[in-house]
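It should be emphasised that the depicted structure is a prediction, and the values quoted were computed from it without experimental measurement. Lettering of chains follows the sequences in order, A, B, ..., and the numbering in each one begins at 1.
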Protein chains: 2
Amino acid sequence: MAIEGALPMKEGNARFSQVEFVNRVFLGDALEVMRRIPGGSVDMIFADPPYNLMLQDPLYRPNQERFEGVSEEWDRFASFGEYDAFTESWLRECRRLLKEDGTIWAIGTYHNIFRVGKIMQDLGFWILNDVVWIKANPTPNFRGTRFNNAHETLIWAARDRESRYTFNYRTMKAYNDDLQMRSDWHIPVCQGKERVRIGGRKAHPTQKPEALLYRVITSCTKPGDIILDPFAGTGTTLAVAKRLGRRYIGIEKNEAYLRVCEERLRRTVPYPEDILPNRLEERPRRVPFGELIERGYILPGEFIYSPDRTYRATVMADATVTCGGLTGSIHRVSAQLLGKDANNGWHFWFVEREGTMVSIDELRQRAIRDGGEPPQQA
Amino acid sequence: MAIEGALPMKEGNARFSQVEFVNRVFLGDALEVMRRIPGGSVDMIFADPPYNLMLQDPLYRPNQERFEGVSEEWDRFASFGEYDAFTESWLRECRRLLKEDGTIWAIGTYHNIFRVGKIMQDLGFWILNDVVWIKANPTPNFRGTRFNNAHETLIWAARDRESRYTFNYRTMKAYNDDLQMRSDWHIPVCQGKERVRIGGRKAHPTQKPEALLYRVITSCTKPGDIILDPFAGTGTTLAVAKRLGRRYIGIEKNEAYLRVCEERLRRTVPYPEDILPNRLEERPRRVPFGELIERGYILPGEFIYSPDRTYRATVMADATVTCGGLTGSIHRVSAQLLGKDANNGWHFWFVEREGTMVSIDELRQRAIRDGGEPPQQA
DNA sequence: GTTGAGGGTGAATCCAAGG
DNA sequence: CCCTTGGATTCACCCTCAA
């Protein structure tokens, strides 16, 4: 088992430390290796488990050539029950490994995805989306017996219902020509130069396209995040993770696949940090109204006005404002003046500066631009 | 319960006869009504089950008092369990009602479809396809927290693995500009005139577009087939079934929906029988090679040739052909000559007629056109 | 260099009838 | 029931090679 780069297993039940398990590919069974990794240490998991295809007879193309599908032993299970038990075991371990706010992706087809999704729900994962990968160039239905099976399904779920997961909404929107990224992704299957071949034959029967992983990883992780792929195969997830400046953990049971995987990772060069696609998600630090007073942008005792100067309120030292008999936050008082349940005070109130009205929201923008330090005291 | 057109329930456990249950809409619980229908009497089922039973609205949660003090996990388990029990019960009854070769469709979203699909597999349904209905105009994700949920999933399954189900392959291919119909269907949501409204408000929250049902029904039923919709809602399935010359059975628990449904059916006019789309599936009578000899299109002792005249075989009186040392059917001999396991001899062999080469498949077409009678004997 | 023809290929639960 | 046999059945994309 002298696999270069693969870490030998620890004695007994000892678990790896982070420096040991990050940016590595392990040779071994997903379940057994996962058990050696401490809980709560992974930001995102991408899992492409066996589909349990249950193929019977060989399939021939219309020209009588034999279609080379998935004949591998690893896709064969004795029954639904056995597949379910396998699925529950690795999903349960995945859940342990995820950080509180971590998310998981699982991909499959109608052969297995319903069972996977059902078990994910039962284990407490909170499904955020199902995404359909629509193939531009699927394998046709050679016998004309069904609809052409032209898609696969991905399930994206958070560890818990309460997880405050990462979703790079603005990035994905920009990615999609400023329209919300939808749940249907049109991506070609993995072909051509990208397909890893050994001696002219495909190295792995189900290699996923890098474009798919690019979108997955970009959508829900940040640079530096730790991504686990328990069924690494030829390492598509890991290579894209590395390219995008994420850290990775791979597990692969098949030694031939693992070798492909490591060679591929050696050739993969990360993008420079400054072009990693996360800028759109860098939200400015929140500056509450009280901070404007602390930092001297507004002075206690000053007046703030409604847009048409109909209302005038006094700013108190504790960051409440008073107007007539009303006292409360800038939001609450403005809401009451307007007879509404809620209102955004930042856009309602103005102060006078050098003879003109200035929105307090504008002052807030200035405070953010000025940085964390309060302005010079007079 | 004076619902016009709705049939009163029978006393006890008596079951309806076909004339009683066909082309009707029943007011009542899906399970209870299905139990009154004899088994093996339905060709196709389209089911759009409720999926908002759990974890959504406090009204539908399990009784708080009963589960007082239990953890979130138990609460979740209880809810999923309840939904699963409900799902299994109606699916089991559907399976009883289906003919041996019948098929079923179920539609849902990630909230419920994985559970539905898993239970279908467990009950013995054999999934043929999952189809994704991709919405041209989905509701946006207002909060920007996930991908825009722009699709729903349909599962199409046969009653058994061995079912010889109906799939109108050629019809669907023509429907799709002579390309195989794929598993991704791009159809707008139900809007505008098609959307049933009562007093300006939509009558039903999840009315499906007729285009979706049109494609479903066209793809896997024949005119006259009996189609069941156990959760009929506003009756989209039934109306399209009627329009396409299929028979229908509807079940709807909500009296307001049922009224909409029946009014809609009254307004629905079936297409004339002669334009119903099933012609492409009418396969011509099979004419075996021997019949061409019996009927004098080819004479025993004649030669037949491969396309490039490389090979020449002799037609024997028993409809075998011989070429060199090979003897067998037109198919077997052509396969052996080509070094393949199998080959279609109809497209391989030619005869000479008036100085030109004529495909024996062409002779077969003539024989079919000439009708069942052998040509006049000389 | 460009274009076009031709061949290869992809997670596939892929037949029906008759003896 | 199983086994044999007839004969129906494919789309988009990528690569190579020739013109």
Side-chain angles (χ1 to χ4, degrees), chain A residues 48-72 74-77 80 83 107-113 133-153 186-195 197 200-202 204-209 231 233, chain B residues 101 121 125-130 156-158 160-165 167 169-170 173 176-183 283-284 286-291 319-320 328-332 334-335 340-349 360-361 364:
Chain A
D48 182 10
Y51 287 6
N52 189 24
L53 244 35
M54 297 193 284
L55 304 175
Q56 301 256 46
D57 302 315
L59 178 65
Y60 291 88
R61 297 171 183 274
N63 65 3
Q64 304 303 328
E65 279 175 42
R66 197 167 161 156
F67 175 72
E68 299 298 335
V70 181
S71 51
E72 274 71 6
W74 49 253
D75 197 52
R76 275 201 275 276
F77 293 82
F80 281 139
Y83 186 78
I107 183 168
T109 59
Y110 63 85
H111 308 84
N112 71 322
I113 198 66
W133 165 30
I134 295 176
K135 304 177 184 183
N137 46 350
T139 307
N141 183 300
F142 298 123
R143 302 298 297 264
T145 55
R146 305 179 175 190
F147 299 103
N148 177 3
N149 189 15
H151 74 279
E152 297 193 20
T153 302
H186 296 249
I187 295 174
V189 302
C190 182
Q191 275 188 336
K193 279 181 61 176
E194 188 186 322
R195 190 90 193 195
R197 287 169 213 282
R201 298 168 61 89
K202 56 187 176 190
H204 191 284
T206 69
Q207 185 183 340
K208 297 291 175 291
F231 309 101
Chain B
D101 297 335
Q121 290 182 311
F125 286 108
W126 190 248
I127 298 181
L128 301 168
N129 279 111
D130 60 333
W156 181 43
D160 300 285
R161 183 171 190 169
E162 297 76 25
S163 298
R164 290 174 314 189
Y165 54 90
F167 178 57
Y169 173 76
R170 299 169 72 88
K173 191 174 173 180
N176 191 39
D177 295 344
D178 284 332
L179 296 175
Q180 285 192 337
M181 183 65 81
R182 299 166 39 116
S183 57
R283 297 295 177 84
R286 191 175 84 90
V287 172
F289 185 63
E291 191 173 326
T320 59
S329 70
I330 50 172
H331 309 295
R332 200 113 305 281
S334 69
K340 293 169 152 187
D341 285 343
N343 191 57
N344 188 335
W346 287 111
H347 299 138
F348 183 81
W349 298 109
I360 61 170
D361 193 47
R364 177 170 63 153

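If you check distances only, the side chain of Gln64(A) does reach the base of dT9(D) with a donor-acceptor pair under 3.5 Å.
Using a 30° and 60° split on the angle between ring planes, Trp74(A) and His204(A) fall in the parallel class, below 30°.
For Arg364(B), the side-chain atoms get nearest to dA8(D) when compared with the rest of dT10(D), dA8(D), dA11(C). With dA11(C), dT10(D), dC13(D) as the candidates, the nucleotide lying closest to the side chain of Lys173(B) is dT10(D). Nearest to the side-chain atoms of Pro62(A) among the listed nucleotides dC14(C), dG7(D), dT10(D) stands dT10(D). Comparing dA12(C), dA8(D), dC14(C) by their closest approach to the side chain of Phe142(A) singles out dC14(C). Nearest to the side-chain atoms of Tyr169(B) among the listed nucleotides dT10(D), dA11(C), dC14(D) stands dT10(D). Closest contact between the side chain of Leu179(B) and the listed nucleotides dA8(D), dC11(D), dG10(C) involves dC11(D).
The nucleotide dG19(C) finds its pairing partner in dC2(D), both defining distances of the Watson-Crick or G-U wobble pair being shorter than 3.5 Å. Applying the Watson-Crick and G-U wobble criteria (two distances, each under 3.5 Å), dA8(D) pairs with nothing in any strand.
Aromatic pair Trp156(B)/Tyr165(B): ring centres closer than 6.0 Å.
Within the structure, every side-chain polar atom (N or O) of Asn137(A) is placed at least 4.0 Å from both OP1 and OP2 of dC11(D).
If you check the side chains of Ser183(B) and Asn129(B), you find no donor sitting under 3.5 Å from an acceptor.
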